[in-house]
Amino acid sequence: MSNTAAAQAPVQLPGPVQIPLVGWRTRGLRMLGDPAEYFMRQYAHHGQVSAWKPRNPRHVFAFGPEYLKRIFTEPEVFVADSFREVRIPEQSSFYRLTNGLLRRNGDPHRRHRRLMQPAFTARRVLVHRENVADVTERCLSEWRTGDVVPMHDALARIIMLTAMRTVFDIDAPERIERLQGLISRLLRVAAAPLTLLLPYDLPGSTFRAALRTCEQIEALLLEMIRDRRADGATGRDVLTSLVNAEDEDGSRLSEAELVGEAYTAFCHDSSTATLMWTLLLLDQHPDVMNDVVDEVTSVCGGGPPDDDQLGKLPLLDAVLKETLRLLPPAPMLIRYTSRPTRFGRYELPSGAMVFFSSYVTHRLEETYRDPLRFDPGRWERESPSTYEYLPFGAGAHNCVGRHFAMLEMKTVLAVLLQKFRPALVPDSRVDRAMRVSLVPSHGLPMRLHPPGTGTSPAPLRGNIRDSVRLP
Ligand code: HEM
């Protein structure tokens, strides 16, 4: 945004002709159904910045890197408040569980980041590598060549068990099963559009189901936090690091704060989503699949990667980066303006909701050559800026778990691809589905072949073909 542009008198934001009686919740429902498509249409019709109601811009869309830079570099003006629209009662477990970093701003946010960061540095997360490999190998020992595996459930199980071990250090099957069941239920009911539309504690409502499920999850988390404190907290799991984390003035996170942060650190569904998309894209690009399998096998020699080998898998790294470019699990993020502010040539009121989408930004032709092509090789030629490539966000709220996520995804894929060649069941339907993350619909059924089997891309149907050019 140039100074000259900012100095000009404000003009009206681009946007659609207003249709009376179409409120934001109606539009919001359409948007939540398929945010990727909705945002692409908004961008195609109105460009890098626009509003639903140009004369009263309370809902604004920003896709260009210059606007994103503004959002990320002024966190005191563009504040995060992830669950504002759900109107969660402040005294509820639901509130405390969702009261993590993504709800905090300013000093409280900085304090929590300071306390959490040490558990998530690139170096520190390596302590979890063996646990991730061990869980993956155990789960894969139940898979058989020739089987058709519903990849969504299978990968979600690996990631959930990994999180249980690395975040909470729990292995006891009954505790795992209980927490797994509760979290799956919460993700289902919390993502239901009715929870947003009818946020009331009424009999039979999805909102009430979310409230009750959160009470049970919070009770379990508190049990674990108190166990940690009682046994002196010496483990290497994330919860132990958070329980022991001490600020410069000697203060620690309270029980309520720990509940919110531990829950956020536990939800790894973005990793599950990325793994699913990666397997699909590799299936559709057998040459890349062959090269990745060669790389992983020659570096790791049949076993899980060690610390050193994890850093020697450049193609696997590029494949994950390219998957996160084309299909970022969080395709819709939101900030709220804390005061009236100039936004380039436009004026935004206080309290405006600003939507932005890495899904759209990652497809800008000014930045990416042939953006719809899955091309891991582009990462040798193209080096987009922080505001042009942002699957993990940017600025104050950038993903604290990014190193963890990369370690987790690389390890799972390295182990999996040395044991099996998964191939999509031909003629499957693959649509984008917005659950908590952007995932392939219909569970992604894949047949397991021996590693090294030559397969051709499975014919498939569905709107995934609008997101990426497939054979
Ligand atoms: C492929 C995997 C992942 C992706 C794509 C991803 C993406 C993101 C994005 C886009 C944000 C920024 C949200 C915003 O600005 O509103 C974020 C924040 C966050 N992520 Fe991740 N994430 C992933 C995995 C993880 C994992 C495994 C953890 C925990 C270990 C984690 C913990 C967090 C936390 C705590 C925040 C909030 C940071 C803050 O507000 O300061 N993420 N993530």
Side-chain angles (χ1 to χ4, degrees), residues 35 62 68 71-73 75 78-84 97-106 108-122 124-125 128 131-132 155 158-160 162-168 237-239 241-242 253 257-258 260-278 317 319-321 323-336 353-359 361-362 386-387 389-413 436-439:
L68 296 183
I71 293 171
F72 286 124
T73 50
F78 296 91
V79 300
D81 190 358
S82 265
F83 299 88
R84 189 184 284 194
L97 280 184
T98 52
N99 198 19
L101 286 171
L102 281 167
R103 270 259 194 87
R104 294 171 194 274
N105 292 285
H109 177 259
R110 278 189 285 278
R111 173 174 177 266
H112 276 234
R113 279 292 288 220
R114 259 197 321 274
L115 290 168
M116 289 187 73
Q117 205 97 47
F120 292 103
T121 61
R124 170 72 196 180
V125 297
H128 303 299
N131 271 332
V132 177
L155 294 170
I158 295 177
I159 294 299
M160 176 78 82
T162 298
M164 301 267 180
R165 275 264 201 107
T166 55
V167 179
F168 298 132
D237 55 286
V238 173
L239 185 60
S241 308
L242 299 186
L253 293 168
E257 290 172 325
L258 280 168
E261 299 304 357
Y263 180 71
T264 320
F266 178 75
C267 286
H268 292 197
D269 49 287
S270 306
S271 305
T272 307
T274 309
L275 287 172
M276 281 197 279
W277 290 123
T278 306
D317 209 54
V319 163
L320 281 167
K321 269 177 108 171
T323 304
L324 286 164
R325 182 184 71 81
L326 282 164
L327 295 153
M332 174 177 104
L333 296 177
I334 304 173
R335 293 292 185 269
Y336 295 85
M353 253 174 127
V354 184
F355 297 92
F356 51 103
S357 169
S358 52
Y359 182 91
T361 306
H362 291 173
T386 312
Y387 309 108
Y389 180 68
L390 57 160
F392 291 108
H397 288 275
N398 76 73
C399 179
V400 87
R402 62 194 303 162
H403 298 301
F404 192 111
M406 287 307 280
L407 168 117
E408 176 174 63
M409 295 187 298
K410 274 191 190 175
T411 306
V412 171
L413 285 170
V436 175
S437 300
L438 181 73
V439 291

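Read the numbers this way: they start at 1 and go in the same order the structure lists the ligands and their atoms.
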Peer 1: Sequence neighbours excluded, which residues qualify as ring pair (Phe, Tyr, Trp, His ring centres under 6.0 Å) partners of F404?
Peer 2: H128, H268

Peer 1: Examine ligand 1 and decide if any of its atoms is less than 4.0 Å from a heavy atom belonging to E261.
Peer 2: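 No; E261 lies far enough from ligand 1 that no heavy-atom distance drops under 4.0 Å.
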
Peer 1: Which residue owns the protein heavy atom closest to atom 32 (C) of ligand 1, what's the atom, and how far is it?
Peer 2: G401 N, 3.9 Å

Peer 1: At what distance is the nearest protein heavy atom to atom 12 (C) of ligand 1, and which residue and atom is it?
Peer 2: H397 O, 3.5 Å

Peer 1: Only heavy atoms count here, so choose which of W277, F404, F392 is nearest to atom 11 (C) of ligand 1.
Peer 2: F392

Peer 1: Relative to ligand 1, is L333 under 4.0 angstrom through side chain, backbone, both or neither, heavy atoms considered?
Peer 2: side chain

Peer 1: Quick one: nearest non-hydrogen protein atom to atom 35 (C) of ligand 1, plus distance?
Peer 2: V400 CG1, 3.4 Å

Peer 1: Would you say the side-chain atoms of W277 pair up with the backbone N or O of L326, donor to acceptor, closer than 3.5 Å?
Peer 2: no

Peer 1: Less than 6.0 Å separating the ring centroids of F356 and F78?
Peer 2: no

Peer 1: Should the pair H397 and H109 be assigned to parallel (<30°), tilted (30 to 60°) or perpendicular (>60°) ring geometry?
Peer 2: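 Plane angle between 30° and 60°, so tilted.
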
Peer 1: Which part of N398 is near ligand 1, with near meaning a heavy atom under 4.0 Å away: side chain, backbone, both or neither?
Peer 2: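 Near ligand 1, N398 shows its backbone, while the atoms from C-beta on stay back.
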
Peer 1: Does R103 approach ligand 1 within less than 4.0 angstrom via side chain, backbone, both or neither, non-hydrogen atoms only?
Peer 2: neither

Peer 1: Starting from atom 42 (N) of ligand 1, find the nearest protein heavy-atom neighbour and note its residue, name and distance.
Peer 2: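 Sorting protein heavy atoms by distance from atom 42 (N) of ligand 1 puts C399 SG, 3.0 Å first.
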
Peer 1: Heavy atoms only, cut-off 4.0 Å: how does L101 contact ligand 1, side chain, backbone, both, or neither?
Peer 2: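 Within the 4.0 Å criterion, L101 contacts ligand 1 through backbone and side-chain atoms alike.
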
Peer 1: Please state which protein non-hydrogen atom is closest to atom 1 (C) of ligand 1 and give its distance, to 0.1 Å?
Peer 2: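 Residue, atom and distance for the closest contact: T274 OG1, 3.5 Å.
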
